[in-house]
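Report on one structure; see the data block that follows.
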Amino acid sequence: MLDVLEKPAPAAVGDRHGQYDVLVIGAGMSGMYQLYRLRQLGLTVRVIEAGGDVGGTWYWNRYPGARFDSESYSYGYSFSPEVLKEWSWSEHFSAQPETLSYCNYIADRFELRRDIQFNARVARAIWDEAAQAWEVTTEDGMRLRGRFLITALGPLSAPTMPKIPGVGDFRGEAYHTGMWPHYPVSFRGKRVAVIGTGATGVQTIQEVAKTAKQLTVFQRTPNWCAPLLNRPIDEAEMAEIRTRYAEIFERCRNSHGCFIHNSDPRKAMEVSAEEREAFYEKLYNEPGFGIWMGNFRDVLVDQRANDTLSAFVARKIRERVKDPKVAEMLVPKNHGFGTRRVPLETNYYEVYNQPNVELVDIRATPIERITADGIRTNARDFGFDMIIYATGFDAITGGFDRIEFRGLNGLTLKEKWKDGPRTYLGLQSAGFPNLLTLVGPHNAATFCNIPRCIEQNVEWVSDLMRHMRDRKLTYVAATPEAEAAWTEHVYELAQKMLFTRIDSWFMGINTNVEGKNKRTFLLYSGGAPAYRERCDEVAKNGYAGFELR
Ligand SMILES: Cc1cc2nc3c(=O)[nH]c(=O)nc-3n(C[C@H](O)[C@H](O)[C@H](O)COP(=O)(O)OP(=O)(O)OC[C@H]3O[C@@H](n4cnc5c(N)ncnc54)[C@H](O)[C@@H]3O)c2cc1C
């Protein structure tokens with residue numbers, strides 16, 4: 001039986017048929033900040049959230065080992081000097097419970113909950129052309145109307161299960177990392193299977209291996225992982241970080257992905273092999289995404305450059321894993337370093353040196369089915385007490401696909417995006433007036449230290465709302481021409497990137513989801529500074545590319 005999180009409670013009756021200036025879907029980092037900003041404009045707002053409380057990602061992903069890959073102090077909101085003064089991070093890369101506490105503290109601090117409807121999952125959002133408003137219906141039948149609808153659905157909020165027969169037959173404990181239960185789960189003395197070795201799988205595996213009697217990892221594609229090198233932050237260091245907040249946020253603002261890591265101005269082949277090696281070694285021994293985001297500026301665009309980096313990291317894996325056969329299984333062969341999401345790890349590779357851990361390559365011996373007692377591959381029957389599905393998410397567009405958005409002329413967003421998303425600035429799609437999409441596809445926020453881009457998205461949308469309120473405008477719609485030009489620009493930029501040559505969720509591929517087997521492109525690869533400049537220019541030019549009335 002798959003243990004799904006708490007059942008939704010019925011929605012509050014008092015809110016039925018409520019009318020609002022703005023409806024927001026989702027109460028993660030995006031939805032919370034959007035609510036705060038819209039309130040400041042004096043607008044009536046209702047946030048609709050499927051979960052039982054705030055936090056989004058940090059509410060749902062309670063699996064063991066869940067933590068930041070962003071430096072904690074670069075992840076928190078920057079908008080409130082009080083918050084920066086009051087909140088202390090205890091680790092450079094904080095674990096999920098601390099981040100969830102942070103989200104709760106924000107909700108308390110700004111009294112956000114009174115405008116949030118929890119345990120309410122939006123099923124449908126229909127544009128009512130006559131009323132010029134969105135009518136939103138939740139799964140349990142609550143209906144709300146909003147002049148504007150803002151999605152804060154999250155890029156990684158639609159968990160996917162693998163397409164394996166027999167999932168329901170298993171008699172032991174079963175969990176998906178993205179729907180982890182709220183009660184404690186013990187691995188001690190148990191035979192545990194983890195399916196999946198993406199970023200969440202890696203974090204889970206290194207934790208479960210500590211206490212499980214036997215851990216069996218089912219791997220389809222090895223990923224290039226790099227050391228996280230986390231460490232605690234004591235009071236003195238936190239005080240020092242506080243003095244540097246302005247500098248930290250400025251640094252994020254000016255870097256491609258809003259991390260504190262800036263890419264190196266040199267190209268990989270401009271330096272000698274020794275210098276290159278020394279630089280990779282330095283980055284490998286530094287915390288965080290430096291090796292991905294702070295590397296030579298061409299490692300993600302030039303195959304030769306990328307090959308040198310992949311060869312370096314492959315050597316590290318072979319050094320760290322004792323059994324050469326297992327090491328070979330862990331070295332990616334079908335993509336270069338950084339062309340898929342890089343999991344950051346703490347002793348991940350060393351886990352495979354433990355006698356209680358086994359790695360199974362499911363490309364060589366595919367899983368045939370889940371049985372009542374465990375997992376059957378075409379080579380063997382495995383018995384388990386627990387199966388953990390670390391099979392990730394229907395990324396970026398998954399949250400949208402799960403809602404029936406109907407715009408002008410009854411067109412659904414899912415139908416419109418079936419061959420890949422089409423947007424203007426990643427913030428609106430033509431034919432869906434008054435619908436704004438925070439962290440939507442083709443938005444810089446999708447390839448970002450996300451809260452930095454969330455703040456940009458929310459502030460831009462809030463400025464638009466202010467502009468419209470002040471001029472008594474009630475309708476905003478991206479023009480088809482602006483959308484076509486933006487979509488072309490997104491694809492043109494993407495051509496340069498090595499990650500467009502392989503299958504991954506960046507490219508809209510998810511073999512566990514019907515219809516997600518064709519390469520499209522979901523991110524924006526031009527970098528946050530260029531994106532921000534473009535958004536600002538559009539606003540300065542009277543929201544060029546949008547029809548306002
Ligand atoms: C395990 C994990 C670790 C991560 N680590 C990092 C990191 O280190 N750095 C980084 O920058 N990013 C990280 N991310 C990405 C993370 O998603 C973002 O940082 C950020 O939390 C996104 O905030 P959000 O509010 O946009 O989305 P979310 O936090 O996903 O919130 C979206 C909310 O919308 C709700 N929702 C969705 N659909 C509906 C619906 N139909 N009806 C009602 N409610 C709905 C969901 O329940 C959810 O609460 C991580 C993601 C995961 C899964």
Side-chain angles (χ1 to χ4, degrees), residues 5 8 11 23-35 46-63 65-72 74-77 92-96 99-100 102-103 116-125 136-140 142 144 150-159 176-180 198-204 228 230 252 257-259 288-289 293 341-344 390 392-396 398-405 437-440 443 445-455 457-458 528:
L5 205 63
L23 296 175
V24 177
I25 313 176
M29 292 288 285
S30 300
M32 288 199 291
Y33 185 41
Q34 188 63 79
L35 168 60
R46 193 74 180 154
V47 180
I48 311 157
E49 166 55 55
D53 208 338
V54 296
T57 288
W58 309 106
Y59 172 85
W60 295 104
N61 289 269
R62 296 166 189 248
Y63 62 85
R67 66 172 64 247
F68 281 146
D69 290 328
S70 298
E71 285 72 10
S72 312
S74 79
Y75 186 95
Y77 292 117
H92 279 259
F93 301 91
S94 286
Q96 173 271 336
T99 313
L100 184 58
Y102 174 78
C103 294
I116 306 176
Q117 182 70 51
F118 292 110
N119 299 309
R121 186 173 285 280
V122 172
R124 258 191 319 283
V136 169
T137 311
T138 63
E139 280 179 354
D140 73 346
M142 178 177 72
L144 299 163
I150 300 179
T151 60
L153 301 174
L156 301 171
S157 67
H176 187 289
T177 48
M179 293 181 283
W180 200 261
T200 54
V202 166
Q203 289 185 333
T204 305
L228 176 69
N230 188 25
C252 292
C258 292
F259 284 89
F289 273 147
M293 304 285 170
R341 165 74 154 81
V342 175
L344 293 181
F393 303 92
D394 183 0
I396 307 194
F400 290 92
D401 287 350
R402 282 157 179 72
I403 296 174
E404 180 191 344
F405 288 100
T437 56
L438 305 175
V439 199
N443 181 313
T446 51
F447 196 57
C448 189
N449 179 16
I450 294 185
R452 302 281 63 77
C453 288
I454 284 174
E455 287 188 338
N457 272 207
V458 165

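Both ligands and their constituent atoms are indexed starting at 1 by order of listing.
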Only one of Thr151, Ile454, Leu438 passes side chain to side chain contact (heavy atoms under 4.5 Å, CB included) with Gln34; say which it is.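 That would be Leu438; it is the only one of Thr151, Ile454, Leu438 passing the side chain to side chain contact (heavy atoms under 4.5 Å, CB included) with Gln34.
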
Passing option when Val122 is tested against Leu144, Ile25, Leu23 for side chain to side chain contact (heavy atoms under 4.5 Å, CB included):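 Exactly one candidate clears the test, Ile25.
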
For ligand 1, is [X] a contact, meaning one of its heavy atoms is under 4.0 Å away?
X      : answer
Arg402 : no
Tyr75  : yes
Ala123 : no
Ala199 : no
Ala66  : no

So do Met293 and Asn449 actually touch side chain to side chain, heavy atoms under 4.5 Å?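 No; the side chains remain at least 4.5 Å from each other.
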
Is the closest side-chain heavy-atom distance between Phe393 and Asn61 below 4.5 Å?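 They are in contact (side-chain heavy atoms under 4.5 Å apart), so the answer is yes.
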
Could you check which of Leu153, Ile48, Val24 puts a non-hydrogen atom nearest to atom 37 (C) of ligand 1?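 Looking at heavy atoms only, the winner is Leu153.
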
Of the choices Gly56, Pro155, Cys258, Gly28, which has the non-hydrogen atom that lies closest to atom 22 (C) of ligand 1?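 Result: the heavy atom closest to atom 22 (C) of ligand 1 is in Pro155.
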
For ligand 1, note which part of Tyr33 has a heavy atom under 4.0 Å away: side chain, backbone, both or neither.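 The answer is neither.
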
Answer with side chain, backbone, both or neither: which part of Ala120 has a heavy atom less than 4.0 angstrom from an atom of ligand 1?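 Looking at Ala120 and ligand 1, just backbone atoms fall under 4.0 Å.
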
Is atom 14 (N) of ligand 1 near the protein, in the sense that some protein heavy atom lies at less than 4.0 Å from it?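 Neighbour list for atom 14 (N) of ligand 1 is empty of protein heavy atoms (cut-off 4.0 Å).
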
Distance to 0.1 Å, residue and atom name: give those for the protein heavy atom nearest to [atom].
atom                    : answer
atom 9 (N) of ligand 1  : Ser70 OG, 2.7 Å
atom 27 (O) of ligand 1 : Gly154 CA, 3.0 Å
atom 47 (O) of ligand 1 : Glu49 OE2, 2.7 Å
atom 3 (C) of ligand 1  : Trp58 CH2, 3.6 Å
atom 44 (N) of ligand 1 : Ala50 N, 3.1 Å
atom 24 (P) of ligand 1 : Ser30 OG, 3.4 Å
atom 16 (C) of ligand 1 : Thr57 OG1, 3.4 Å
atom 41 (N) of ligand 1 : Val122 O, 3.1 Å

Those atoms of ligand 1 less than 4.0 Å from some heavy atom in [X]:
X      : result
Asn61  : 53 (C)
Gly26  : 33 (C), 34 (O), 35 (C)
Ile403 : 41 (N)
Asn449 : 11 (O)
Ala152 : 32 (C), 33 (C), 34 (O)
Asp69  : 7 (C), 8 (O)
Phe393 : 53 (C)
Trp60  : 46 (C), 47 (O), 48 (C), 49 (O)

Keeping [X] on the side-chain end and [Y] on the backbone end, is there a donor-acceptor pair under 3.5 Å?
X      : Y      : value
Thr177 : Tyr63  : no
Asn457 : Ala445 : no
Gln96  : Trp58  : yes
Asn230 : Phe93  : yes
Gln203 : Arg67  : yes
Ser72  : His92  : yes
Arg62  : Met179 : no

Determine, step by step, whether Thr437 and Asn443 satisfy the side chain to side chain contact (heavy atoms under 4.5 Å, CB included) criterion, reporting the C-alpha distance in whole Å, the side-chain angles of both residues, the deciding distance to 0.1 Å, and the verdict. CA-CA 9 Å; Thr437 56; Asn443 181 313; 5.8 Å; no

On the 0 to 90° scale, with breaks at 30° and 60°, tag the Phe259-Phe289 ring pair as parallel, tilted or perpendicular.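 Perpendicular: the ring planes of Phe259 and Phe289 meet at over 60°.
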
Anything under 30° is parallel, anything over 60° is perpendicular, the rest tilted; go ahead and classify Tyr75 against Phe68.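 Tilted, since the angle between the ring planes falls between 30° and 60°.
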
Might you work through the disulfide bond (SG atoms under 2.5 Å apart) test for Cys448 and Cys453, ending with a clear yes or no? CA-CA 7 Å; Cys448 189; Cys453 288; 2.1 Å; yes

When you compare ligand 1 with Ala27, is there at least one nitrogen or oxygen pair between them that comes in under 3.5 angstrom?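 There is no such contact.
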
Return the OH to CZ distance between Tyr59 and Phe118, rounded to the nearest 0.5 Å.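 It is 9.0 Å, given to the nearest 0.5 Å.
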
